[in-house]
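Presented below is the structure to which this report refers.
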Amino acid sequence: PLKVLLKMTVLAGCLTSSIQAFAEPIQIKFSHVVAENTPKGQMALKFKELVEQRLPGEYQVNVFPNSQLFGDNNEVAALLLNDVQFVAPSLSKFERYTKKLQIFDLPFLFENMESVNRFQQSDSGQKLLNSMKRKGIVGLGYLHNGMKQLSASSPLILPTDANGKKFRIMASDVLAAQFQAVDAIPVKKPFSEVFTLLQTRAIDGQENTWSNIYSKKFFEVQSYITESNHGVLDYMVVTSAEFWKSLPADKRTVIKASLDEALAHGNQIAAAKVNKDKATIEASKRSDIIQLTAEQRQEWVSSMKPVWRQFEAKIGKDLIDAAVASNK
Ligand code: LMR
């Protein structure tokens, strides 16, 4: 009988382990629109690495870069349909879901990335993570990319240089107003189309960070880049309330901690890339980098800053004041 019992135990043991071995890990999809050699691209890969290391065999994270799976026009809708579980659109792309995040698009609001970070980490900034709750969207954290620069096929030194020129913008009414303020023509287009639009001269220019201008080769088809630092391009990593709630609490904790670490990693890359990608662009000699004098830059500030007034009622004066205060 002892032999039989032993055999049975061994058999039962084999059965359990083979069930475990055959249980498929739960698939999590993370979709984004940028290249892998960017702060967001690297953050997503770090998130994958940490989740799979900490929940081996239980969860698998599949990252889809370069608008491969979903692009600007459908990634948040796909999230709400649970076709993808994590996306990290730029803060400019949430306008359909909340007007509060428009604050980040106000031109010349933040002096530098330290100010942006202070505001995001403040009570007001943290509250904004919940600003799309009623739409079923959960904000899990911010990720930096950096300050935006203006690129064009002709030199932009004074605001009048932008008159009548077509600029690609993200789908944001604030950004539209910003270019209208210098009598330019804003054209809302998804990120995946920018290179071709620039290359074929369908548009004259665009605004973006050094890492996006570099990784998507915009500098190869834009002869001039004005280092304007006129606005910020940052992200919010979001998931759907439906998916987030469906996770067992202990797994959710591990996934959130992994994301927080991945965000810290992405932020380090963002900080390093500003100088690195700018230097690579400069060394390529494909594009002239224009430095504005204080007076020239002030002209852009004077032209674009009236946009704040236009959006003050929707965004909220208190929120704008809080953001200004983060400049210290
Ligand atoms: C853009 O559309 O220019 C950016 O938001 C792309 C990105 O995600 O950095």
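Counting starts at 1 for both ligands and their atoms, in listed order. All heavy atoms count here, side chains included; hydrogens, waters and symmetry mates do not. Just so we're clear, the structure is a prediction, and the values are computed from it rather than from any experiment.
Under the 3.5 Å distance criterion, with hydrogens and angles disregarded, no donor-acceptor pair is assigned to the side chains of H265 and Q42. Checking D105 against S92 by side-chain atom types alone, a donor-acceptor pair falls below 3.5 Å. At a cut-off of 3.5 Å, with distance as the only test, no side-chain donor of D183 or Q180 sits close to an acceptor on the other residue. Between the side chains of Q120 and Q126, no donor N or O sits under 3.5 Å from an acceptor N or O.
Within 4.0 Å of ligand 1, protein heavy atoms come from V33, V34, K40, D72, S90, K93, R168, M170, F191, N208, N212, L233, Y235.
Among D234, D173, D72, the single residue meeting the salt bridge (charged side-chain N to carboxylate O under 4.0 Å, His left out) criterion with K93 is D72. A ring-ring contact (aromatic ring centres under 6.0 Å, His included) with F86 is found for one member of F64, F70, F47, Y59 and no other, namely F47.
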